Amino acid sequence: MNRREILIAGGGLAASLARRRVAFAAPASGPRFLLVFLRGGYDCANVVVPVSSPFYYEARPNIAIAKPVREDPATALALDADWALAPALRPTIGSLYTAGQAAFVPFAGTDDLSRSHFETQDSIELGQPLQGSRDFRSGFLARLNGVLGDGRPIAFTDALPLCLRGRVDVPNISLRNVGKPTFDDRQAHLLKSMFEGHHLEPAVADGLELRATVAREMDTEMQDANRGAVTTKGFELEAERVGRLMRDQYRIGFLDVGGWDTHVNEGGAQGALAANVESLGRGLHVFSQTLGAEWHNTVVVVLSEFGRTFHENGNRGTDHGHGSVHWVLGGSIAGGRMAGEQVRVARSTLLQDRDYPVLNDYRGVLGGLFRRLWGLSPAQLEQVFPGAPPLDLKLI
Amino acid sequence: MRAAPAFPRRFAGRCVSDAAVIVTCSVLAACATPPPGGSHPAAHPAAGSHRTADSGSLWLDRITFGIDSQSVAAYRRLGRAGFLDQQFDPDPHPLPPAIAGQIATLEVEHLDAAQELIAINEENKRINGLADPAAKQAARKSLNDRGNRLAYEAARRLLLEAVYSRDQLREQMVWFWLNHFSVFQGKANLRWLVADYEARAIRPRALGHFRDLVMATLAHPAMLQYLDNAQNAAGHVNENYARELMELHTLGVTGGYTQKDVQELARVLTGVGVAGGTPAHLKRELEGFYRRDGAMEFNPARHDFGAKTLLGVPITAQGYAEIEQAVDRLIATPACAQFVSRKLAMYFVADQPPEALIKRLATTFHRTDGDITAMLRELIRSPEFEASLGTKFRDPFHFVVGSIRLAYEGRPILNTHPVVNWLNGLGEPLFGHQTPEGYPLTESGWASSGQMSRRFEIARAIGSGSAGLFEPEDGVAKISAGFPRLSSRTYYEELEPRLSATTLAALDQATSQQEWNTLLLASPELNYR
């Protein structure tokens, strides 16, 4: 082990011990942040719909979502004079918006113009300047965790996402399918004991502990179900579990949702995209309810690597594009409005006659939120997003 | 020699006497090259006190997917040099008869990729013409099921060969090249093709010349479809494969090519596609350029015959010969020699391999025209290799295959579904990496907390014998397999001497053979090779 490895291992160990100490303490109130990454490039124009643009209806003869009709809950929900929310989100994210707990940032995203899923997902998760070489061991949520000391981060994913890779070990666990616990306390102790002093000790301890924690949460689930509570499933169930862990133990969370690469038969008010976004909306709504009072301390940002082509393609779908729409949700945000810089949606304002331009850099959007959530200094923000000034969208 | 823990003495029943252990240890020590003093990093800080002077079993653990009694016996019989020579000398029958018999019954063994593609196209046409929606749906499902079955068979065959083949180094290289020239079974018709890709494009060249691998993958329908070169034609250029051929297969992202080179190489590659049912109808002057090889077709009517420059030098050949010239030019660059050498050293030596070693390997690459066997010989006899033994983290494939080898000692698995599921669960499915860069070769990609706890669960499934590996896949006969006895002679002779005090203390506290097995497979030492 060289000096650098020892430093990394030492840092991870300290962080992990700190986490273990607080894990069983009474849940303290404090800011929480969940990043929801929609992998595949969700078609924002059919979710937050530019209904005042005649060009939208021209460009999408088969898949456009109709303008809102007042008093008809089956249609889109007007967000302001220009934008409306897809009907599939009306009961969930729509109700949060009406309550001032949701906002949308159109024309948001990254300068990365590769239009490659992998390239763009990586560059967003790393949050580093596009010029220069990338450090794949430094994601922006990991750097946020670093400037906070210990931000109690967790990834609700099978592998640790780039976003949370960094100097200290961050626990990860997918809550999609949670089986029965495999090891009892004695066995977990034996497993951990073998890694004492090893640089993987923090990862091993975190992994086993998290598994046990989730098993306890599952017990609660079972008891609730036995008392006749409505049982949730799919993404709603996953989001409920995420909500419990974020409420009780963790402060920075990462979750990803797939299935957005709608090249073919995307659908409009109904169809493939609508079904996926409906499930997402339900899950996030359940998440907000699960947090209880802590929802007022919580901010959720939903983003995707890029938007899609503004024109529908020959297969009633859309191809890889550029600018996207970020969602910002939270119990105490100044929501119920569209935020950030905008342009009129028209053929002349499209980038390369193809997709939305980016007017609100994702690092600026997130940095601005982090600054307000945790009161970060300019120097701290510079560590999280080097060279990317925060935007003040006045949401917090 | 440490006394055996109380538990395995009571239950294992296969303990050997200490005298036998001492004799064999000295045999192994005699074959070992002495490790260079001082500088080598220990895999486990607590393990230092138990590292023996003899690195034989650690060496064997790196050359193979993991030691078992048979590889240990061969090593003792042949010595280190002899063992290595045998690894480089292909055995026409490297599999035990029971495994060869299983593989012979697989459909993928008797499949021709070119014919298969034609059959799929015809079936798709027939299905599209069906009027009855129910019949259409049923036909689609049946076609789809077949694709899934063939892709599973490809994984099954590869797993069986990795676990049981005598030629372990070749098997490791088959996985390495499949990962280097990664394809994803979920795209297009690849489920029908991945078995052929592995067996015909990769396997025969795994220890051969690098150029042959590039040309074989370039011309295979799996790669042509996966990276869209099948759609690449004059006037409709698709850059996808051209970019990855340089970025991921030969030069590396910092290999000194430009966006213009990507465009030029894409033009060179226009017309290389997948053969349809009948050869293309061609103008007379183009007929001489037409080429067909298996399922690959070079259609000169789709090729851009205009002038091209690659890496600053004009392409002088015409037609398919342009492609050969371009590949030769890529491979002749110092960047390619470096890129391939670094990756090989990452796989076999360290996440951040020593630059001096990379330099020597690159020289060998140049001198031998990319001879992989020559590079491996150079690498394996290097002091850097010796110094790194036991410090390379096992990726999920190495962990799973190595654990099965150690636990089941050559006993033939009848059901590989659980193994395929473990690899899925650990995030490293065979033919399952969606993007073309392949799986990471470094510890950081595989050792997150969630991955470690899942790994322990798989250690338990293997250690407790509960996974159903020995129940036939047809589900007819239920065979009670029982659990493996990892406290075997191989354990006492080869593994115990290198376990740390903390690992040994945990093993001492196991309350059953199954638990002891689980702990051993989960131990830090068995997570490294």
Side-chain angles (χ1 to χ4, degrees), chain A residues 1-2 4-6 8-9 12 16 116-119 121-122 133-134 136-137 154-162 164-165 169-174 177 179 181-183 186-212 214 258, chain B residues 41-47 240 243 253-254 352 391 393 424-428 434-437 440 442-461 464 499-511 515-516 518-520 522-528:
Chain A
M1 221 158 138
N2 60 32
R4 183 178 144 74
E5 282 170 328
I6 289 166
I8 291 168
S16 154
S116 145
H117 293 298
F118 329 111
E119 189 64 31
Q121 288 178 18
D122 286 1
S133 70
R134 292 173 173 187
F136 278 88
R137 295 193 57 179
I154 182 169
F156 302 103
T157 52
D158 281 320
L160 191 62
L162 276 185
L164 277 165
R165 290 206 194 158
D169 177 65
V170 171
N172 69 297
I173 189 168
S174 167
N177 302 298
T182 309
F183 299 107
R186 185 186 59 83
Q187 292 168 325
H189 171 76
L190 286 177
L191 286 163
K192 271 188 273 190
S193 73
M194 292 194 296
F195 285 84
E196 260 171 40
H198 192 281
H199 68 272
L200 287 180
E201 182 181 3
V204 166
D206 277 346
L208 290 165
E209 183 179 306
L210 194 50
R211 209 58 189 73
V214 168
Chain B
H44 183 319
N240 199 6
R243 180 185 299 280
V253 73
T254 56
Q352 290 176 310
T391 65
F393 192 69
N424 293 346
L426 289 168
E428 201 178 23
Q434 207 170 353
T435 54
E437 82 282 17
T442 52
E443 177 174 321
S444 64
W446 305 113
S448 76
S449 54
Q451 289 163 319
M452 290 309 290
S453 62
R454 190 164 301 186
R455 191 174 273 231
F456 296 158
E457 287 161 18
I458 289 160
R460 166 136 150 176
S464 64
L499 298 184
S500 73
T502 44
T503 299
L504 291 169
L507 288 173
D508 274 351
Q509 292 175 61
T511 55
E515 192 174 290
W516 191 93
T518 304
L519 289 170
L520 179 67
S523 70
E525 291 84 354
L526 271 82
N527 276 289
Y528 288 82

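The sequence lines fix the lettering, A, B, ..., with proteins before strands; numbering per chain opens at 1. Treat the numbers as computed from the prediction; the structure is a model and nothing was measured.
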Inset, instruction - Please answer whether the main-chain N or O of A:T182 pairs with a side-chain N or O of B:R460 as donor and acceptor at a distance below 3.5 Å. - result: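 Checked: pair present.
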Answer yes or no: is there a side-chain heavy-atom contact under 4.5 Å between [X] and [Y]?
X	Y	result
A:L200	B:E443	yes
B:M452	A:D206	no
A:Q187	B:T518	no
A:F136	B:T442	no

Legend entry - Residue B:E437 versus chain A: region with a heavy atom under 4.5 Å: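 Neither; nothing under 4.5 Å.
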Inset, instruction - Check whether B:Q434 gets within reach of chain A through its side chain, its backbone, both or neither, counting any heavy atom under 4.5 Å. - result: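 Looking at B:Q434, nothing touches chain A.
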Legend entry - Residue among B:S448, B:S449, B:S444 satisfying side-chain contact (heavy atoms from CB on, under 4.5 Å) with A:L160: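 Of the listed options, the one satisfying the test is B:S448.
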Inset, instruction - Could you check whether the rings of A:H199 and B:Y528 sit parallel, tilted or perpendicular, using 30° and 60° as the cut-offs? - result: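 The arrangement is perpendicular - the two ring planes meet at more than 60°.
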Inset, instruction - Kindly compute the distance separating CG (B:N527) from CE (A:M194), expressed to the nearest 0.5 Å. - result: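 Answer rounded to 0.5 Å: 8.5 Å.
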If you compare all heavy atoms of [X] against all heavy atoms of [Y], which two are closest, and at what distance to 0.1 Å?
X	Y	answer
B:F456	A:F195	CZ-CE1, 3.7 Å
A:A159	B:Q451	CB-NE2, 3.6 Å
A:A203	B:A447	CB-O, 3.6 Å
B:S453	A:R211	OG-CD, 4.4 Å

Inset, instruction - Could you pull out all residues at least two apart from B:R455 that satisfy salt bridge (charged side-chain N to carboxylate O under 4.0 Å, His left out)? - result: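 With neighbours one apart ignored, the set is empty.
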Legend entry - Options A:L191, A:L164, A:L210, ranked by heavy-atom pairs under 4.5 Å with chain B, top entry: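 Top option by heavy-atom pairs under 4.5 Å: A:L191.
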Legend entry - Donor on one side chain, acceptor on other, B:Q509 and A:H189, under 3.5 Å: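 No - no donor-acceptor pair under 3.5 Å links their side chains.
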Inset, instruction - Tell me, with the steps shown, if B:E515 and A:L190 meet side chain to side chain contact (heavy atoms under 4.5 Å, CB included). - result: CA-CA 10 Å; B:E515 192 174 290; A:L190 286 177; 3.8 Å; yes
